[in-house]
S.K.: 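Before I ask anything, here is the structure I am working with.
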Amino acid sequence: MEDDQVNVSHGKEKQASVELPLHWSEWQLLDSILPTGGFAHSFGLEAAIQARLISSPDDLRTYVIHILENTGSLLLPFVCTATMSPDLETWHKLDRMLDATLTNEVSRKASTAQGSALLRVAASVFTEVPLLKKMREISLNFGDVAFHHAPLFGIICGLLGLHRGTSQRAYMFITLRDIISAATRLNLVGPLGAAVLQHQIAFVAEAMLKKWKDCAVEEACQTSPLLDTVQGCHAYLFSRLFCS
């Protein structure tokens, strides 16, 4: 009886040791210290402030929720498909589709800048997945790859072994994290208020995840086109803190 308990215990320890690297990689991928350039972008929030679309905490909350809705409807299908098929052919196909789907130059540049940085960092950090470095080198030689962020995030999640549900929830999380961080630096909310707001909106984000997760890329769509228009105006701002 004691031998059986010992064997079971050793089995649990072995399983935990196998799962441990995956959890650490997952947490590091979501860590704000990972230098992917996400904090250089405000998702159009800075332009919305100057256009006087946001002037109160309620306006900010509404704006963040609409951004999450757009992220769920437009980008989660690319994250999901890439996670399920993390190979070079799928990535390049999704990259071309998203490049044709994005409707303004500001959001397109923001996506490609963050995606390019994400792959460069991932190839350097997650050396246990040599395919990441190989995919980057091949794509750089092609010269016609845009390196959009959402498909690449899904590809990296898939190669690291994350489930598609986890990768889609993670993408919603980093979107929420980055836009609230931008709101803090734009003095719309203080650090404590930002933490409270993030926690409150997390429940809304989870509902949106359930609404839009596991959709095919053919179903990707914009749900708040006004926000896309506002973000496109960012390049015309006289003074600005963020790249988008």
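For the numbers below, each heavy atom of this structure counts, side chains included, while hydrogens, waters and symmetry mates do not.
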S.K.: Looking at every non-hydrogen atom in both residues, tell me the closest pair between Ala122 and Leu132 and how far apart they are.
M.R.: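 Nearest pair, atom of Ala122 first, then Leu132: O-CD1, 3.8 Å.
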S.K.: How close do Leu98 and Ser111 get, counting heavy atoms only, and between which atoms?
M.R.: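 Here Leu98 and Ser111 meet closest at CD2-OG, 4.4 Å.
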S.K.: Can you tell me how far apart CG (Leu160) and CD (Gln28) are? Round to the nearest 0.5 Å.
M.R.: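 Leu160 atom CG to Gln28 atom CD measures 9.5 Å (nearest 0.5 Å).
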S.K.: Can you confirm whether or not the ring centre of His92 sits under 6.0 Å from the ring centre of Phe142?
M.R.: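 When the ring centroids of His92 and Phe142 are compared, they turn out to be within the sub-6.0 Å range.
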S.K.: Measure the CG-CZ distance between Leu76 and Arg169 for me, rounded to the nearest 0.5 Å.
M.R.: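 Output value for this atom pair is 10.5 Å.
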S.K.: Could you please spell out the steps behind the side-chain contact (heavy atoms from CB on, under 4.5 Å) verdict for Val204 and Leu68?
M.R.: CA-CA 9 Å; Val204 180; Leu68 291 173; 5.6 Å; no
S.K.: According to salt bridge (Lys or Arg N to Asp or Glu O under 4.0 Å), who are the partners of Arg61, at least two apart in sequence or on a separate chain?
M.R.: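 Salt bridge (Lys or Arg N to Asp or Glu O under 4.0 Å) check on Arg61 returns nothing, list empty.
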S.K.: Shortest non-hydrogen contact from Thr101 to Met97?
M.R.: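 Taking Thr101 first and Met97 second, the nearest heavy atoms are OG1-O, 2.7 Å.
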S.K.: Step through it carefully: locate the ring centre of His148, locate the ring centre of Phe153, and say whether they are under 6.0 Å apart.
M.R.: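 No - the distance between ring centres of His148 and Phe153 does not fall below the 6.0 Å cut-off.
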S.K.: Do the non-hydrogen side-chain atoms of Leu74 and Cys221 ever get within less than 4.5 Å of each other?
M.R.: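 Not in contact.
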S.K.: Are Ser139 and Leu88 side-chain neighbours, meaning at least one heavy-atom pair lies under 4.5 Å?
M.R.: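 Yes, their side chains come closer than 4.5 Å.
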S.K.: Considering residues at least two apart in sequence or located in another chain, which fulfil the side-chain hydrogen bond (donor to acceptor under 3.5 Å, both in side chains) criterion with Thr223?
M.R.: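 Once residues adjacent in sequence are excluded, the partners of Thr223 under the side-chain hydrogen bond (donor to acceptor under 3.5 Å, both in side chains) criterion are Asn70.
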S.K.: So Leu159 and Met135, side-chain contact (heavy atoms from CB on, under 4.5 Å) or not? Walk me through it.
M.R.: CA-CA 12 Å; Leu159 292 176; Met135 291 173 68; 4.0 Å; yes
S.K.: If only atom types and distance count, is the side chain of Gln114 paired as donor or acceptor with the main-chain N or O of Ala110 below 3.5 Å?
M.R.: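 Pair found, side chain donor or acceptor close to backbone of Ala110.
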S.K.: I'd like to know if the side chain of Ser116 reaches the main chain of Ala113, judged simply by a donor and an acceptor atom lying under 3.5 Å from each other, with no hydrogens or angles considered.
M.R.: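 Flag not set: sc Ser116 to bb Ala113 has no pair under 3.5 Å.
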S.K.: Can you name the salt bridge (Lys or Arg N to Asp or Glu O under 4.0 Å) partners of Lys211, sequence neighbours left out?
M.R.: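 Per chain and number, Lys211 pairs via salt bridge (Lys or Arg N to Asp or Glu O under 4.0 Å) with Glu69.
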S.K.: Taking the side chain as every heavy atom from C-beta outward, state whether Leu29 and Leu118 have any atom pair closer than 4.5 Å.
M.R.: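 A side-chain contact under 4.5 Å exists here.
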S.K.: Between Tyr171 and His149, does the ring-ring contact (aromatic ring centres under 6.0 Å, His included) criterion hold? Intermediate values first, please.
M.R.: CA-CA 10 Å; Tyr171 200 79; His149 186 258; 5.4 Å; yes
S.K.: Say you draw a straight line from CZ of Phe43 to CG of Leu227; how long is it, rounded to the nearest 0.5 Å?
M.R.: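 Going from CZ on Phe43 over to CG on Leu227, the span is 12.0 Å.
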S.K.: Not counting sequence neighbours, list each pair that qualifies as a salt bridge (Lys or Arg N to Asp or Glu O under 4.0 Å) and has a residue in residues 84-99.
M.R.: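 Passing the test, one end in residues 84-99: Asp99-Arg108.
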S.K.: Does a side-chain heavy-atom distance below 4.5 Å link Met208 with Ile65?
M.R.: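 Yes. Closest side-chain heavy atoms under 4.5 Å.
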S.K.: Atom CG in Leu60, atom CG in Leu188: separation rounded to 0.5 Å?
M.R.: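 Reported value, rounded in 0.5 Å steps: 5.5 Å.
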S.K.: May I ask whether Leu94 and Leu140 are part of the same hydrophobic cluster, defined by side-chain heavy atoms of I, L, V, M, F, W, Y residues being less than 4.5 angstrom apart, directly or through others?
M.R.: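 Linked, Leu94 and Leu140 end up in one cluster.
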S.K.: Would you say the side-chain atoms of Ser181 pair up with the backbone N or O of Arg177, donor to acceptor, closer than 3.5 Å?
M.R.: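 It does not hold such a pair.
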S.K.: Check whether Ile138 and Phe126 end up in the same hydrophobic cluster, where Ile, Leu, Val, Met, Phe, Trp and Tyr are linked by side-chain heavy atoms less than 4.5 Å apart.
M.R.: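 Result: yes, single cluster for both.
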S.K.: For Ser42 and Glu46, indicate whether the former's side chain and the latter's backbone hold a donor-acceptor pair under 3.5 Å.
M.R.: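 Here the side-chain-to-backbone pair exists.
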S.K.: At their closest point, which heavy atom of Ala48 faces which heavy atom of Tyr63, and how far apart are they?
M.R.: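 Here Ala48 and Tyr63 meet closest at CB-CE1, 3.8 Å.
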S.K.: So how far is it from Ser167 OG to Leu162 CG, rounded to the nearest 0.5 Å?
M.R.: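 Going from the OG atom of Ser167 to the CG atom of Leu162 covers 7.0 Å.
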S.K.: Decide whether Val106 and Ile49 are clustered together by the hydrophobic rule: side chain heavy atoms of Ile, Leu, Val, Met, Phe, Trp, Tyr closer than 4.5 Å, transitively.
M.R.: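 No, no single cluster joins them.
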S.K.: Under a 3.5 Å distance rule, please check whether Thr83 uses its side chain to pair with a backbone N or O of Arg164 as donor and acceptor.
M.R.: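 Side chain of Thr83 to backbone of Arg164: no pair is present.
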S.K.: Out of curiosity, Asp228 CG to Asn104 CG, how far, rounded to the nearest 0.5 Å?
M.R.: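 Here the rounded value is 4.5 Å.
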S.K.: Report the residues that fulfil side-chain hydrogen bond (donor to acceptor under 3.5 Å, both in side chains) with Ser55, sequence neighbours left out, ordered by chain and then residue number.
M.R.: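 Here the qualifying residues are Asp59.
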S.K.: Quick one: are the ring centres of Trp91 and Phe147 less than 6.0 Å apart?
M.R.: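 Yes - the distance between ring centres of Trp91 and Phe147 falls below the 6.0 Å cut-off.
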S.K.: Can you see which heavy atom on Ile155 is nearest to which on Ala82, and at what distance?
M.R.: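 Answer, listing the atom of Ile155 first, then Ala82: N-CB, 3.6 Å.
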S.K.: According to a hydrophobic-cluster definition based on side-chain heavy atoms being under 4.5 Å apart (Ile, Leu, Val, Met, Phe, Trp, Tyr only), do Leu131 and Met84 belong together?
M.R.: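 Different hydrophobic clusters.
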S.K.: For the backbone of Thr103 and the side chain of Ser107, can you confirm whether one donor and one acceptor N or O come within less than 3.5 Å of each other?
M.R.: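 The answer is no, because no donor-acceptor pair under 3.5 Å joins these two groups.
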S.K.: On a heavy-atom basis, which atom in Ala170 and which in Leu30 lie closest, and how many Å separate them?
M.R.: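 Heavy atoms of Ala170 and Leu30 come nearest at CB-CD2, 3.5 Å.
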S.K.: If the condition is salt bridge (Lys or Arg N to Asp or Glu O under 4.0 Å), which residues does Glu219 pass it with, not counting sequence neighbours?
M.R.: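 Result, salt bridge (Lys or Arg N to Asp or Glu O under 4.0 Å) vs Glu219: none returned.
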S.K.: Can you tell me if Thr184 uses its side chain to pair, donor with acceptor, with the backbone of Ile180 under 3.5 Å?
M.R.: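 Side chain of Thr184 to backbone of Ile180, a donor-acceptor pair under 3.5 Å: yes, one is there.
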